[in-house]
Amino acid sequence: MKNFHPVESWPKAWKELKDSFGLEINKEQKDKLQKFQEFLQEENKKINLTRLDSLPDFLTFHLLDTGSLIPFVQKASLPNKFRYCDLGTGCGVPGLILHILLSNQLEFETYLCDSVSKKTAFLERAISMLGLEEKIKVLTARTEALLQEKKKFHLITARAMAKPPEALKQVLPLLSPGGIYLAQSTTSLKEDSEMLQELQKKKAKILIEEAFVLADKPRVIAGIERAK
């Protein structure tokens, strides 16, 4: 099992992303990530967005944790142009960071969704500051509203929305047939009876699951596919 130690500097973060996930980050991506971290840290002094706004916390629990999703996205059977949504995105993690990390590899449109207006207002400002308005849309809404609008996505993350079994109930109706939900947890979802019951009822399946340790904290990622 891979054990990731805390990261305290940008050079170490770039090296970890490359060594662990094969990510080559170009200068434009580095600039955007650094600007986002600085903007988040500054805005967090005014409004409560995250308790993890120091540079080491950002690099370890936001950037590196998001980087761990990259291999799953690369292995997924996604359309050449796909729609990605991060539900309960909060301060844009993992959604905004994942968009930047993948921006030089894949062609896709990102939706960052949260029901808290102060968080979506922050994201609007961050996206404008980064010049990403054409690629990223911010939605101030609950999942029920997205369902009413019949929005569908090929890829969904929901790191902070709810525990995976509960999140699954809200995520799957928003996935296109064959779409992928990247569930993040602290324990195995293959061994979670509630999760397995929900998967069976919804005719979904876990394609792959991997566990690792991040700064002494257990992490599990599962790629869940909606029935085609």
Side-chain angles (χ1 to χ4, degrees), residues 21 23 65-90 92-115 119-120 123-124 127 132-185 189-190 192 194-210 220-228:
F21 311 120
L23 272 175
D65 199 35
T66 299
S68 68
L69 297 170
I70 298 295
F72 290 81
V73 179
Q74 292 172 334
K75 293 173 185 175
S77 298
L78 296 167
N80 291 333
K81 296 180 181 180
F82 64 91
R83 287 157 58 94
Y84 161 56
C85 182
D86 185 30
L87 294 172
T89 190
V93 183
L96 179 52
I97 294 176
L98 189 64
H99 180 96
I100 295 171
L101 291 177
L102 289 171
S103 61
N104 66 337
Q105 295 185 24
L106 302 170
E107 188 172 352
F108 60 103
E109 188 173 33
T110 295
Y111 292 78
L112 303 179
C113 181
D114 202 282
S115 62
K119 294 180 179 179
T120 54
L123 289 172
E124 293 277 14
I127 289 165
L132 293 172
E133 301 98 320
E134 293 185 6
K135 291 290 186 178
I136 302 179
K137 310 299 180 186
V138 178
L139 305 173
T140 306
R142 295 185 179 277
T143 53
E144 296 85 354
L146 300 184
L147 287 170
Q148 291 177 358
E149 295 177 18
K150 297 183 179 180
K151 289 188 179 294
K152 295 290 183 181
F153 305 96
H154 303 99
L155 179 70
I156 292 178
T157 53
R159 187 177 83 162
M161 188 173 70
K163 291 183 178 180
E166 182 59 34
L168 184 70
K169 299 175 186 178
Q170 302 180 56
V171 167
L172 283 180
L174 294 171
L175 278 175
S176 301
I180 301 296
Y181 164 38
L182 296 182
Q184 294 170 271
S185 179
L189 299 182
K190 289 182 176 180
D192 185 324
E194 184 181 355
M195 188 68 171
L196 294 176
Q197 288 174 6
E198 283 300 319
L199 288 170
Q200 187 173 23
K201 284 193 292 187
K202 305 295 185 181
K203 296 182 179 180
K205 60 183 178 181
I206 296 176
L207 297 178
I208 183 173
E209 179 181 279
E210 291 184 8
V220 175
I221 302 174
I224 298 172
E225 181 186 65
R226 179 180 175 177
K228 297 178 181 179

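In this text the structure is predicted, and so the values were computed from the model without any measurement. Keep in mind that the numbers below use all heavy atoms, side chains included, and drop hydrogens, waters and symmetry copies. Positions are given from 1, in the same order as the sequence printed here.
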(request) Please test H99 against D86 for side-chain contact (heavy atoms from CB on, under 4.5 Å), starting from the C-alpha separation and ending with a verdict. (result) CA-CA 10 Å; H99 180 96; D86 185 30; over 6 Å; no
Distance-only donor-acceptor pairs under 3.5 Å for side chains of residues 158-173, two or more places apart:
{"from": "R159", "atom 1": "NH1", "to": "F61", "atom 2": "O", "distance (Å)": "2.9"}
{"from": "R159", "atom 1": "NH1", "to": "D65", "atom 2": "OD2", "distance (Å)": "2.8"}
{"from": "R159", "atom 1": "NH2", "to": "H62", "atom 2": "ND1", "distance (Å)": "3.4"}
{"from": "Q170", "atom 1": "OE1", "to": "T143", "atom 2": "OG1", "distance (Å)": "2.8"}

(message) Quick check for you: to the nearest 0.5 Å, what is the distance between K202 atom NZ and I224 atom CD1?
(response) 12.5 Å
(request) Please name all residues satisfying side-chain hydrogen bond (donor to acceptor under 3.5 Å, both in side chains) with Q197, sequence neighbours left out, ordered by chain then number. (result) none
(message) For the backbone of L207 and the side chain of E225, can you confirm whether one donor and one acceptor N or O come within less than 3.5 Å of each other?
(response) no
(request) Tell me, please, which residues at least two apart from E124 pass salt bridge (Lys or Arg N to Asp or Glu O under 4.0 Å). (result) none
(request) Taking the side chain as every heavy atom from C-beta outward, state whether E209 and V220 have any pair of such atoms under 4.5 Å apart. (result) yes
(request) Locate the shortest heavy-atom distance separating L147 from L174; write the atom from each residue and the value. (result) CD2-CD2, 3.7 Å
(request) Show your reasoning for whether side-chain contact (heavy atoms from CB on, under 4.5 Å) applies to N80 and E107. (result) CA-CA 7 Å; N80 291 333; E107 188 172 352; over 6 Å; no
(request) Please identify each residue that fulfils side-chain hydrogen bond (donor to acceptor under 3.5 Å, both in side chains) with Y84, with sequence neighbours left out. (result) T157
(message) Measuring from atom CG of L132 to atom CD1 of I136, what distance do you get when rounded to the nearest 0.5 angstrom?
(response) 4.5 Å
(request) Any chance you could measure C85, atom SG, to L112, atom CG, to the nearest 0.5 Å? (result) 7.5 Å
(message) Using every non-hydrogen atom in the two residues, find where A222 and I206 come nearest and quote the distance to one decimal.
(response) CB-CG2, 4.2 Å
(message) Pair L69, L101 - check side-chain contact (heavy atoms from CB on, under 4.5 Å), show working.
(response) CA-CA 10 Å; L69 297 170; L101 291 177; over 6 Å; no
(request) Could you check if a side-chain atom of F72 sits within less than 4.5 angstrom of a side-chain atom of E210, using non-hydrogen atoms only? (result) yes
(message) So, using salt bridge (Lys or Arg N to Asp or Glu O under 4.0 Å) as the criterion, who are the partners of E133 when residues are at least two apart?
(response) none
(request) Just do the side-chain contact (heavy atoms from CB on, under 4.5 Å) check on I221 and I208 with the steps written out, would you? (result) CA-CA 8 Å; I221 302 174; I208 183 173; over 6 Å; no
(message) Please find the pair of heavy atoms, one from R83 and one from Y111, that lie closest to each other, and give the distance.
(response) NH1-OH, 3.1 Å
(request) Any chance you could measure E109, atom CD, to E134, atom CD, to the nearest 0.5 Å? (result) 10.5 Å
(message) How long is the straight-line distance from CG of L78 back to CD1 of I180, given to the nearest 0.5 Å?
(response) 7.0 Å
(message) Suppose we screen for salt bridge (Lys or Arg N to Asp or Glu O under 4.0 Å). Which residues come up paired with K151, at least two apart in sequence or across chains?
(response) E149
(request) Output the distance between atom OG (S176) and atom NE2 (H154), rounded to the nearest 0.5 Å. (result) 4.0 Å
(request) Indicate yes or no for a side-chain donor-acceptor contact from D114 to the backbone of G90 under 3.5 Å, with no hydrogens or angles considered. (result) yes
(request) Kindly give the heavy-atom pair with the smallest separation between L182 and G223, and that separation in Å. (result) CD2-CA, 4.0 Å
(request) Determine the minimum heavy-atom distance between A141 and L146, stating which atoms define it. (result) CB-CD2, 4.5 Å
(message) If I compare all heavy atoms of T89 with all of L123, which pair ends up nearest, and what's the gap?
(response) CG2-CD1, 3.5 Å
